[in-house]
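Numbered from 1 within each chain, the chains take letters A, B, ... in sequence-line order.
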2 protein chains.
Amino acid sequence: MNETAHCRTELVAVVLGLDTIAAKEPQLCVLTTGEGDGFPSGPLQAGQASLQRSLRHWVENLTGFRLGHTEQLYTFADAEDDFGNRAVRISYMALARSSAEMASWQSVYAYFPWEDRRSDDAQAFLIPLVRHMKSWVADNERRLTRCSVAFGLDGHEWNDELVLDRYELLWEAGLLPEAGSREESEAPLFTGCLGRAMKHDHRRILATALSRIRAKIRYTPAVFDFLPEYFTLLQLQQAMETLAGRRMHKQNFRRLVQHQSLVEETDLFDPSGQGRPARLYRFCEASSQNCYLAGAKLPLPPLV
Amino acid sequence: MNETAHCRTELVAVVLGLDTIAAKEPQLCVLTTGEGDGFPSGPLQAGQASLQRSLRHWVENLTGFRLGHTEQLYTFADAEDDFGNRAVRISYMALARSSAEMASWQSVYAYFPWEDRRSDDAQAFLIPLVRHMKSWVADNERRLTRCSVAFGLDGHEWNDELVLDRYELLWEAGLLPEAGSREESEAPLFTGCLGRAMKHDHRRILATALSRIRAKIRYTPAVFDFLPEYFTLLQLQQAMETLAGRRMHKQNFRRLVQHQSLVEETDLFDPSGQGRPARLYRFCEASSQNCYLAGAKLPLPPLV
DNA sequence: TCTCTATATGCTCAATCTGAGCATAACGAT
DNA sequence: ATCGTTATGCTCAGATTGAGCATATAGAGA
């Protein structure tokens, strides 16, 4: 009972990127394996390999993708199996610069349809979920507070960064198939609302990654890791919008960015658009310490 | 080379608390073992114990302290030893409510004297370090930027949350004894400036914890975990100041707190002070989602 | 060429937030 | 009663934010 457990240590990578090529609006993508139900992962190798090096090895082996800078997300432990073995899973997040390959990646918001509030569709996904949550809440005071805060009800504002809280509430309410036994009877009620499931706890890891990147882009220049060297302010704004899952006010967003001299004007223009060509800018590393990029929000419609 | 490594999994706890009893000003304390050179830690146990449960077990066994809510910090891997064994260390942070016992804990700022900028002493600790860092920077452009941002030089502002960055810079510059071979010759130059060392990477873990808690108190009501049920606004402010390591503007701080209705007035007063008795307040959980507690800063003197 | 549409970009204005400091209130000590 | 000390209330200018109007510059079509 009190003896030391030796465990298999597994490394998992969530590689995020923006697919700016396919559609008019960028898509948030993630590198998956199999049928899009898992992330590249593998055991920590012997030899002098570090955690990061092992991770790099597995991602490259399984997908051919070469990891750049990574950030640790969270470490989970499985329950023991029948042989007394257990796995410790260390998850990492990496950001990938836009490229054509991403079209073959999976859309992040396919796993969390309610998190993409750029269009009004999200509202349609969310409403049936919230209705179900209300019955789960019943008279439980604690549950009510958690739901109000997480889903922006009862006068609370929608908070982009509470991705994990929302996921966990849906899990606890038994709405997610990963949560185990749930009759299929309710399925038709939620067609398309619940998003795609993943194996093990990978969808939870993705929720953690989305929370983290949304928090990160507000106070660090992390968005620029997704963008090419030269970009228009609209591209920058749309990258923020895609990550944050909500719209921003155009003129105010430019003011915010330019005021902090986060970007540097160039003499180049992007002639591909329909209207007046947009000036191309470049990230300005020099003054990027006190970066603040959110705040130019557009109000969201209240949830019913 | 490519075979799976089975590792020992170790859990480490950084338990922080505020010692409000001893001195007039609260002290940030941490629960340590031995001579204050390590944190309570132990291997993940077999059985159905979860990570958190194992952690709890070790902390209670080694120190008698009962953990409350914990938050995962970071997972490190040691290099392999001669037998091909290695350890994975998962670190956690916990917050403890003020109590008399804390007087026997260790002061966090004894490990990072330069991080406590409430008094001007920190300046005295920091200046020799910065002087040494400048020679380490030499003409290296990258190092210069990192130092300027981390230490608030060249027009950059001091950022409380960059504890880990500062620690790592000092490490890389070879100023810290944990970093390995360093002649004692320079020691007298830095008497008392470098802070206490710890075994393994425990001091790095403490730096991670301090970074995390400083970031956390700004946007969450985490400070209240340190305070008793009833407190004065000065106590709340001093708790923030102790954690953030800097002074705040009193009147503006109250305005900030009261405007967000984060706290609730009571009819009680604290008669223990010298002047007019301060009203006691209580944490108001209801409206704590969009909490913002920093910002009422006082300017810091420029470094030289 | 002229017009229309679409996008980029500049500018204003009110409401709010922040940093700083002055003024008053209420206690104990002398 | 007076003074030192801390709590608390209030003001004011400057900066930031949310919202929207106005103008500039492109391609497409009449």
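Sorted by first and then second residue, the ring-ring contact (aromatic ring centres under 6.0 Å, His included) pairs with a member in residues 231-279 of chain B read F224(B)-F231(B); sequence neighbours excluded.
When the C1' atom of dG10(C) is taken as reference, atom CD of Q258(A) falls 10 Å away, rounded to whole Å. Rounded to an integer number of Å, the gap from CG of L300(B) to P of dG19(C) is 13 Å. Here dT17(D) presents its C1' atom at 14 Å from OH of Y292(B), a figure rounded to the nearest Å. Atom CD in E157(A) sits roughly 15 Å away from atom P in dT17(D) (whole-Å rounding). Counting to the nearest Å, the C1' atom of dC27(C) and the CZ atom of F269(B) are 12 Å from each other. Atom CD of Q237(B) is separated from atom P of dT8(D) by 12 Å (rounded to the nearest Å). Going from atom CG of L268(A) over to atom P of dA8(C) covers 16 Å, rounded to whole Å. If you take NE2 of H259(A) and P of dC11(C), they are 13 Å apart, rounded to a whole angstrom.
With sequence neighbours left out, the side-chain hydrogen bond (donor to acceptor under 3.5 Å, both in side chains) criterion links S148(B) to D154(B). Residues meeting the salt bridge (charged side-chain N to carboxylate O under 4.0 Å, His left out) test with R282(A), sequence neighbours left out: E229(A), E264(A). For F226(A), there are no ring pair (Phe, Tyr, Trp, His ring centres under 6.0 Å) partners two or more places apart in sequence or in a different chain. Residues passing the side-chain hydrogen bond (donor to acceptor under 3.5 Å, both in side chains) test with R255(A), sequence neighbours excluded: N252(A).
Residue L234(A) is in sugar-phosphate contact alone, with no base atom involved, counting any heavy-atom pair closer than 4.0 Å across all strands shown.
With respect to R118(A) and E241(A), no salt bridge is recorded, no charged nitrogen being found less than 4.0 Å from a carboxylate O.
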Worksheet item: If the sugar-phosphate is the primed atoms plus P, OP1 and OP2 and the base is the rest, what is the B/S/- string for nucleotides 18-30 of chain D, using protein heavy atoms under 4.0 Å?
Response: BBBB--BBBS---
